[in-house]
Amino acid sequence: MAPISAIVYFDGDYTGDDCGENFESRNFVSMKFIPRIAIAALFSKIKRLVPSGNTKTLKTLYYRFQTSMVPVSYATMTIQTQEDVEAMVDTHHGNGSDICELYADFQISSSEKDSYQDFSFPPYSATPYDNFGFPSFSNPSFQHFEHASFDLNIPPYDNRQEFSGQTTFQSDPTLTLDDQGYSSPEEPIQELGPDGSEIGLFTTPIDADADVDSDSSNEDDNPQQEQHHASTSIAQLPYQPPSHMYNIDMDALHVAEFPDMPNLGFTGSYVGLNDSELWIGMQFESIDQAKTAIKLYNIRKSVHSKVTYSNSEKYVCECTQKISQGCKWKVRVSKKKRKQNAWELSVYNGPHTCCAVGHRQDHPNLDSTIISLTVQPIVQASPKVTVAALMGHVRSVFHYEPEYKKTWRGKDKAIRKLHGDWDASYNDLPAWINIMQKYNPGTIADLETLPSYRNDRVVQEVRQFHRLFWTFPQCINAFKSCKPIIQVDGTFLYGRYKQVLLLAVVQDGNRKTIPIAFALVPREDTDSCKFFLKKLRQYFFRNKRVCLISDRGPGLLSAIEILGSRFRSPNVEHRFCLRHVASNYHGRYKKDSERKLILRMGYELLPNKFEDMLEELKEKNNEGYNYIMGIPKEKWTNAYDGGFRYGHMTTNLAEAINSSLKGIRNLPITAIVKATYFRLGKLFATLGKESFNLRDAGHIFHPRFQKELQPMVNKSNGLYVLPMSRSGTVFRVTEIPRPLQGYDPTSYRVNLEEKWCDCGYFQALKSPCQHAIAACNNCRRDYKSLVDPVYFLHSVCKVYEMEFPAIGSETEWHSNQTWPTILPDPQVRMDKSGRPNSTRIHNAMDMPQRERTGQPKFCGHCRRPGHTIRKFPSRTQHPHDP
């Protein structure tokens, strides 16, 4: 995973205002760190980069992230444990921010503070983002304010007195297709190679011993260079007006001149999580807000209270130690009809006079409601954040240890608050479909419902959700210029209902993965697969020959058999995922060496070598040979494929999309549909901008494809070419013998007209091999004319020529309901006991990952290699001990 760019402020002030948390400092350093960094390594790196950091104690580290755009607000996390680091990384990736903002609070001795008076300090002349190459004004995602005020009479060194400007960082709120699911320009999607390693379509296998640690950068070698913009002398300070010219009473700006006639909008009655004081006259918009304020007060003061009276007009709380210790603490909140039904704190006998009894790790008022308010910004930025990470965040905020079940319920309430209830989400689905079709004409949404029954009778004006297919006109247009392959796969939802999300994924000429169609079905059976395949053919390849790659699931195979000739050659070339074929073989015969042989057979380009390996399998396992011969060769091998796969041997593209959608698979159904729209909108905008910029710069191919094609051009030099036809299309190309390397001269037949070569590379990947390029040089023909059109940038630009329009405020989404009430299917509801699995159980398909990284098996008890927990001799004595 790519390293994270960060800005670390220090020797400043950490404050809070109406916009949330602010870091006010003129001192900063830039750095990069890997997402899996340990907390000790992070602290050590910050101390090493900060000037004189090794002589100070890093007391606290804060992380700030944006929670909303209108109004602009921020929230912070205290980084104290490794779980806090993981929560920070998840929040940063989910928030879509380019820069991670941190504030390091150092503890400085009194002698060091006195020594600072002898130091000169520079004027503020650069933004922290200049170190990363970002413009200060041209980028709309960054707003930098350089209005720093200075006094002519320079006092002793104090950042808070001398610099009043701040740097405000605004992240892009648009959801993105997860960094794990899509290949970045530097990290293309990989396929499984013959030996289990991952290879690209035109690349060699990745070395397992390669150094993937991106933490080592030039920034660590010279920390002073990162503060180049902060190294001028004190004589260069600009004019600083007196303090009375710029000191403003910010609180007075919000005082209403006519309290009885307030302005529309925010009235100042909101109580945030950081408020912990109560006073008479305090107003709340609702009783729930009043309860939250009282609970927060009790948690902050480490006291307990109980509700003694509550109705629709009054709410009274008293101290739990009223009888035992005589504490007279009491709060009464009443509803004031003369004040627009606002709730007001009318009686307050405080503070507490009791003492805390005993020590508890949890607080009774720290319930799931308070936790949901605390973790809501994190869940909004990253819905896939773990409960353990949220427990660490709650612990850092309130200094109490919440229960796992209570934190899980808090996350569940936060999801309900952000995305709506799971049951009500089914009825909101038609409204969102209407909005998509209004703002994005051409959107396809086929919603099928069933009659709803109650006591064996049909309920009028109530329908039951059955399944939904949706796609967008941008996706339909994009597929016309993509590779003619479609990978189909399904993934389970783990929210309130155990439905299946079916996906159709394609790839453009730059190896960028694009999901083009979606379907929500009850289960991955024959009827659901038939429904999805019929919709795909109707909207995508009715008049186009495509290659369909999938697993060997019984539901999908039965659906293709029922659909008949419409999904058979020459209309559709159905191919199997090689990874699933090898996994099914291993599940039957449990021979890992034969599984690896199956993988090599699938990737082999030459039929004669494939037949040799097939004979080798027959000698090892005759029953396995008969099983593999029962699968048609053209459906799982490169040698007999005919060039329809474009080098894609697995459903890796669909699996990557499944992984990136993992964060939204626990959301309500309408939120899932929304996420696909906004994520695709961001994807088309980002990839389209990249492709159009390259095309306008004069590029014919993407630089990555040109880089992968260049080795073929280099290898074509020195080959002996013999023309074999008058038309100049058939050649015999002989490689130069290299006896020292053990290579004998080999000859290949090349047909430029049919785009075919004996080596198999040309027809398999639709890109000329070194033999075809040598033949082109012989007949003075441009080898670029042999490249498939999908790899040209003008074709890639056609993929993203249609953009997703922006959709207005949510207030416009809810119109008068004109459709029957839609309810979920109770038969697919999750079991109430336990929690759903969010991680797929690993099987034989996942073995190459461990083999590729060289990771050995570890004992489940002692976590040491060399044995397993079943062969562990004794739990009382370790086998390695004497």
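All residue numbers in this chain count up from 1 along the given sequence.
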- Message: Checking E690 against Y800 for the side-chain contact (heavy atoms from CB on, under 4.5 Å) test, could you report, in this order, the C-alpha distance in whole Å, the side-chain angles of both residues, the deciding distance, and whether it holds?
- Response: CA-CA 10 Å; E690 175 190 352; Y800 308 106; over 6 Å; no
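- In this structure, H794 NE2 and R695 CZ are separated by 10.0 Å, a value rounded to the nearest 0.5 Å.
- Between the side chain of S583 and the backbone N or O of R579, no donor-acceptor pair lies under 3.5 Å.
- Defined by atom type and a distance below 3.5 Å, a donor-acceptor pair is missing between the side-chain atoms of S481 and S795.
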Under 3.5 Å, side-chain donor or acceptor atoms of residues 721-729 against the rest of the protein: list the pairs with distances, not counting sequence neighbours.
| unit_1 | atom_1 | unit_2 | atom_2 | d |
| --- | --- | --- | --- | --- |
| S725 | OG | G728 | N | 3.4 |
| S725 | OG | T729 | N | 3.2 |
| S725 | OG | V730 | N | 3.1 |
| S727 | OG | T729 | OG1 | 3.0 |

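- In this structure, H648 contributes its side chain and T650 its backbone to no donor-acceptor pair below 3.5 Å.
- Under the 3.5 Å distance criterion, the side-chain polar atoms of S785 are matched with a main-chain donor or acceptor of D782.
- For F518 and W470, the ring centers sit closer than 6.0 Å to each other.
- The two residues L605 and A764 make their nearest non-hydrogen contact at CD2-CB, 3.8 Å.
- Taking a 6.0 Å sphere around CD of E801, one finds it holds more than 12 heavy atoms contributed by other residues, nucleotides or ligands.
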- Message: Evaluate D508 against K483 for salt bridge (charged side-chain N to carboxylate O under 4.0 Å, His left out), listing each step before the verdict.
- Response: CA-CA 6 Å; D508 67 1; K483 299 176 183 177; over 6 Å; no
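- At a threshold of 4.5 Å between non-hydrogen side-chain atoms, the residues I700 and F792 count as touching.
- Closest non-hydrogen pair, V500 versus G490, comes out as CG1-CA, 4.4 Å.
- Using a distance-only test at 3.5 Å, with no hydrogens or angles considered, a donor-acceptor pair links the side chain of T443 to the main chain of N440.
- Of all the heavy atoms in D641 and F644, the pair that sits closest is OD2-N, 2.8 Å.
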Only pairs under 3.5 Å count here: list side-chain donor-acceptor contacts from residues 607-617, not counting sequence neighbours, and write none if there are none.
| unit_1 | atom_1 | unit_2 | atom_2 | d |
| --- | --- | --- | --- | --- |
| E611 | OE2 | K633 | NZ | 2.9 |
| E611 | OE2 | Y640 | OH | 2.6 |

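- Interatomic distance, CE of M601 versus CG of L599, reported as 10.5 Å (0.5 Å rounding).
- Looking at heavy atoms from C-beta onward, V488 lies in side-chain contact with L548 at the 4.5 angstrom threshold.
- Between the R575 side chain and the W636 main chain, no donor and acceptor come within less than 3.5 Å of each other.
- Pairs engaging residues 746-758 under the salt bridge (Lys or Arg N to Asp or Glu O under 4.0 Å) rule: R749-D758 [sequence neighbours left out].
- For Y791 and F701, the distance between ring centers is not under 6.0 angstrom.
- Heavy atoms only, all atoms of each residue included: C759 and C769 are closest at SG-SG, 3.6 Å.
- Taking 4.5 Å as the limit, every side-chain heavy atom of T746 sits out of range of all side-chain heavy atoms of T734.
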Under 3.5 Å donor-acceptor pairs involving side-chain atoms of residues 533-544, not counting sequence neighbours:
| unit_1 | atom_1 | unit_2 | atom_2 | d |
| --- | --- | --- | --- | --- |
| K535 | NZ | D446 | OD2 | 2.9 |
| Y539 | OH | D446 | OD2 | 3.2 |
| K544 | NZ | F479 | O | 3.3 |

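- Side-chain contact between S691 and H702: absent, with no pair of heavy atoms (C-beta onward) separated by less than 4.5 Å.
- Pairing each heavy atom of C482 with each of Q507, the nearest pair is CB-O, 3.5 Å.
- Atom OG1 in T491 sits 9.5 Å away from atom CG in L502 (nearest 0.5 Å).
- For residues 710-719, every residue pair satisfying the side-chain hydrogen bond (donor to acceptor under 3.5 Å, both in side chains) rule, not counting sequence neighbours, is listed here: Q710-N714.
- The structure places CD1 of I598 at 8.5 Å from CG of L578, a figure rounded to the nearest 0.5 Å.
- Here K596 does not pair with E594 in a salt bridge; the nearest charged N to carboxylate O distance is not below 4.0 Å.
- In this structure the side chain of T651 never reaches within 4.5 angstrom of the side chain of D551, judged on heavy atoms.
- Residues R645 and E634 are not paired through a salt bridge, judged by the lack of any N-O separation under 4.0 Å between the basic side chain and the carboxylate.
- In terms of modelled atom types and a separation under 3.5 Å, the side chain of N571 and the main chain of V546 share no donor-acceptor contact.
- A side-chain donor from one of Y646 and D788 sits under 3.5 Å from a side-chain acceptor of the other.
- Put simply, the side chain of N693 gets close to the backbone of K689: a donor and an acceptor are under 3.5 Å apart.
- The backbone N or O of K512 sits nowhere less than 3.5 Å from a side-chain atom of N510 that would complete a donor-acceptor pair.
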- Kindly indicate, with the supporting measurements, whether the criterion side-chain contact (heavy atoms from CB on, under 4.5 Å) is fulfilled by M649 and N638. CA-CA 8 Å; M649 299 304 300; N638 246 332; 3.4 Å; yes
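- Every side-chain contact (heavy atoms from CB on, under 4.5 Å) that S550 has, sequence neighbours left out, goes to L556, H574.
- Applying ring pair (Phe, Tyr, Trp, His ring centres under 6.0 Å) to H771 and the options Y783, Y748, F762 leaves one that passes, Y748.
- The two residues P805 and Q474 have their closest heavy-atom pair at CD-NE2, 3.8 Å.
- Proximity of a side-chain donor or acceptor of N778 to a complementary backbone N or O of A774 within less than 3.5 Å is not detected.
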- Item | Working for side-chain contact (heavy atoms from CB on, under 4.5 Å), residues I444 and F472 | CA-CA 6 Å; I444 306 298; F472 307 103; over 6 Å; no
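- Within the 4.5 Å cutoff, no side-chain heavy atoms of V790 are placed close to those of K766.
- Q770 contributes atom CD, which lies 6.0 Å from atom CD of E735 (distance to the nearest 0.5 angstrom).
- For the atom pair S767 OG and F705 CZ, the distance stands at 4.0 Å (nearest 0.5 Å).
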- Trace of the side-chain contact (heavy atoms from CB on, under 4.5 Å) decision for I514 with F684: CA-CA 9 Å; I514 309 171; F684 271 62; 3.9 Å; yes
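- Residues R781 and L752 meet the side-chain proximity criterion, which asks for heavy atoms closer than 4.5 Å.
- The side-chain heavy atoms of L786 and C776, taken from C-beta on, include a pair separated by under 4.5 Å.
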